[in-house]
Amino acid sequence: MNEYFHSVNLDKDKCRGCTNCIKRCPTEAIRVRKGKARIIKERCIDCGECIRVCPYHAKTAISDSPEIINDYRYKAAIPAPSFYGQFEKKYSRDNILNALRDVGFDHVFEVARAAEIVSEATRQLLTNSLVKKPMISSACPGVVRLIQVRFPSLIDNIVKLESPMEVAAKIVKTQLQESRNIPAEEIGVFFISPCPAKVTSVKSPYEKQKSYVDGVISIKDIYLKVLSALNNPHNGSKYSEAGFEGIDWANSGGESGALGTENVLAVDGIHNVIKIFDEIEGDRLSDVDFVEALSCSGGCLGGPLTVENVFVAKTTLKKHILEAPAGCTEKMAPKSFEELVWTSNVEYKPVMKLDDDILKAMEKLEKLERICDGLPGLDCGACGAPNCRALAEDIVREIANETDCIFKLRQRIRDLAEEMVDLGGKVPPVMDNDPNGE
Ligand code: SF4
Ligand code: SF4
């Protein structure tokens, strides 16, 4: 059963079956069979790791076309803080935000501003003794999905606050309706995104609430247009209002750095995140109240939908951070974190379970272990599964055969050949069929 919209897709024609992607997938969601990759949809968390590693660009992210804005009379752009890192340092934030307006938007609002509001709500939550520690940031949708499928025991640690993207979209819609009297249905709010997981979180929110965002446009898809507008500047408005803390959310360590406490940990890169979550599950992480976990290496600046090298983008962003004022959210700060709290809980997605029936699941697990013991344990990936255990699981699930393992296949051929030789020795001599004995 697949309840999610997925933003990461496979272009079968481009796939050469090289198996590069299968070992990098954090949820073992990819198999290569008959020379082509296949994504097991219910396991995929849209982290985009396979997009990065595919040498043939066979994995792609689906986002909305920039043309989608034409479906609305009044169009507002809400760029991610990482957007600023994509352009040369000579451009100010207002240059970039006005260029965004020049490519067809009527209004621009920084998600970095909303990030400061979420930081304030998180600071309040941190002082609440009823909240389970360490709190794990929900800013990265890929990480929340990872917890849903691989770390259900950490669901209660997730910070259940609306994301800066949702907060920004809500503010824009409210402001435009109240100050300009524009009907809600005529306002389209579009997130300018560095990552495919954000697309998924809008199209298929884990909160089961409709998103305030009407479309997600990838930075890659809008970059050239904005660059061209930057080179033909017009008199602009002052849209830049975020403080440095909000802009720093684009970096790994930015969100946690804004909390004003030492007891934080920032981890980026989905495989590093898994190691830290293993530590938390094993109760081996002490003195940490808040974990900022980001699926992409380098944080959102390293998102697969960005255009600039992550290290170059970091240097550029630093300039914007240094130029920005201190936090300026006072007039927008939530009176209580409760204003931002999710109205529903995050659900466990038991996609790794072998069977819903516990007895059957145990039988299957025993069978899996038996099969696994008989496999060579080399985790070579030649069978199209990421490791021998995953192949054993596929065999139990009846989507693969033991002979998909080339070592098993070779053994089987050898056994068959020996059997043939053995049988050959048992074949009776050719009978002389002449009935007259001549
Ligand atoms: S997007 Fe992430 S989870 Fe999905 S198939 Fe690719 S690597 Fe695996
Ligand atoms: S990395 Fe994966 S998707 Fe890309 S060509 Fe190789 S098998 Fe196909």
Side-chain angles (χ1 to χ4, degrees), residues 1-63 140-152 193-204 206 216 218 220 267-275 277 293-300 302-306 346 348-352 379-387 389-391 393-394 397 399-400 404 406:
M1 183 178 55
N2 178 31
E3 294 174 6
Y4 297 153
F5 164 91
H6 281 284
S7 57
V8 175
N9 242 340
L10 172 78
D11 182 341
K12 270 213 161 114
D13 293 339
K14 287 188 182 164
C15 175
R16 307 237 192 130
C18 70
T19 72
N20 272 319
C21 55
I22 57 175
K23 284 183 184 286
R24 292 298 301 170
C25 175
T27 52
E28 297 184 344
I30 310 173
R31 299 291 184 272
V32 174
R33 299 274 149 76
K34 296 187 179 148
K36 297 283 177 191
R38 183 174 83 84
I39 299 176
I40 304 170
K41 293 279 184 191
E42 54 275 28
R43 285 194 177 193
C44 174
I45 58 170
D46 290 306
C47 65
E49 194 69 9
C50 55
I51 298 179
R52 275 191 205 93
V53 296
C54 177
Y56 303 105
H57 307 291
K59 295 271 178 36
T60 48
I62 306 167
S63 52
C140 176
V143 166
V144 176
R145 304 265 187 221
L146 176 73
I147 293 175
Q148 283 183 290
V149 302
R150 251 189 95 163
F151 295 96
S193 178
C195 103
K198 286 283 187 198
V199 184
T200 308
S201 79
V202 166
K203 310 269 178 210
S204 172
Y206 25 72
V216 180
S218 89
K220 271 186 178 159
V267 56
D268 57 281
I270 195 78
H271 294 282
N272 295 328
V273 169
I274 288 170
K275 284 184 196 149
F277 286 176
L294 298 168
S295 161
C296 296
S297 294
C300 299
L305 302 183
T306 58
V346 177
Y348 169 38
K349 304 277 174 195
V351 295
M352 305 285 190
D379 295 339
C380 65
C383 61
N387 51 55
R389 196 178 171 80
L391 175 63
E393 190 184 326
D394 289 354
R397 291 185 191 274
I399 54 170
D404 285 330
I406 52 165

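As the structure lists them, so they are numbered: ligands from 1, and atoms in each ligand from 1. Just the heavy atoms: all of them, side chains too, but no hydrogens, waters or symmetry mates, feed the values below.
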Any salt bridge linking Arg31 with Asp404? Criterion: basic side-chain nitrogen under 4.0 Å from a carboxylate oxygen. no

For [atom], grab the closest protein heavy atom and report residue, atom and distance to one decimal in Å.
| atom | answer |
| --- | --- |
| atom 6 (Fe) of ligand 2 | Cys18 SG, 2.2 Å |
| atom 4 (Fe) of ligand 2 | Cys54 SG, 2.3 Å |
| atom 8 (Fe) of ligand 2 | Cys15 SG, 2.4 Å |
| atom 7 (S) of ligand 1 | Cys50 N, 3.5 Å |
| atom 3 (S) of ligand 1 | Ile45 N, 3.3 Å |

Indicate yes or no for a side-chain donor-acceptor contact from [X] to the backbone of [Y] under 3.5 Å, with no hydrogens or angles considered.
| X | Y | result |
| --- | --- | --- |
| Lys23 | Pro386 | yes |
| His6 | Asp46 | no |
| Asn272 | Val267 | no |

Which heavy-atom pair separates [X] from [Y] by the least distance, and what is that distance?
| X | Y | value |
| --- | --- | --- |
| Ile274 | Arg150 | CD1-NH1, 3.5 Å |
| Thr200 | Ser7 | OG1-OG, 3.0 Å |
| Ser201 | Arg145 | CA-NH2, 4.0 Å |
| Ala197 | Gly142 | CB-N, 3.7 Å |
| Ser63 | Val199 | CB-CG2, 4.1 Å |
| Tyr56 | Lys14 | CB-O, 3.6 Å |

Which of the numbered atoms in ligand 2 are below 4.0 angstrom from a heavy atom of [X]?
| X | result |
| --- | --- |
| Leu10 | 3 (S) |
| Arg16 | 5 (S), 8 (Fe) |
| Tyr56 | 5 (S) |

Metal check, atom 2 (Fe) of ligand 1 vs Cys25 N/O/S, cut-off below 2.8 Å: no

By number and element, which atoms of ligand 1 are closer than 4.0 Å to a non-hydrogen atom of [X]?
| X | answer |
| --- | --- |
| Glu49 | 7 (S) |
| Cys44 | 1 (S), 3 (S), 4 (Fe), 5 (S) |
| Thr27 | 3 (S) |
| Ile30 | 5 (S) |

Who's closest to atom 1 (S) of ligand 1 heavy-atom-wise, of Gly142, Ser7, Gly48, Ala37? Gly48

Heavy-atom proximity to atom 2 (Fe) of ligand 2, picking from Cys21, Gly35, Gly384, Gly17, points to Cys21

Any idea which part of Lys59 is under 4.0 Å from ligand 2, heavy-atom wise: side chain, backbone, both or neither? side chain

Note: Thr19, heavy atoms under 4.0 Å from ligand 2, region reported as backbone

Pair Phe5-Val202, side chain to side chain contact (heavy atoms under 4.5 Å, CB included): steps then yes or no: CA-CA 9 Å; Phe5 164 91; Val202 166; over 6 Å; no

Counting only heavy atoms closer than 4.0 Å, does ligand 1 sit against the backbone of Ile270, its side chain, both, or neither? neither

Of the side chain and backbone of Val8, name the one, both, or neither that has a heavy atom under 4.0 Å from an atom of ligand 1. side chain

Positive for side-chain contact (heavy atoms from CB on, under 4.5 Å) with Pro196, one of Val8, Asn9, Ile62: Val8

Report yes or no: does His6 have an N/O/S atom closer than 2.8 Å to atom 4 (Fe) of ligand 1? no

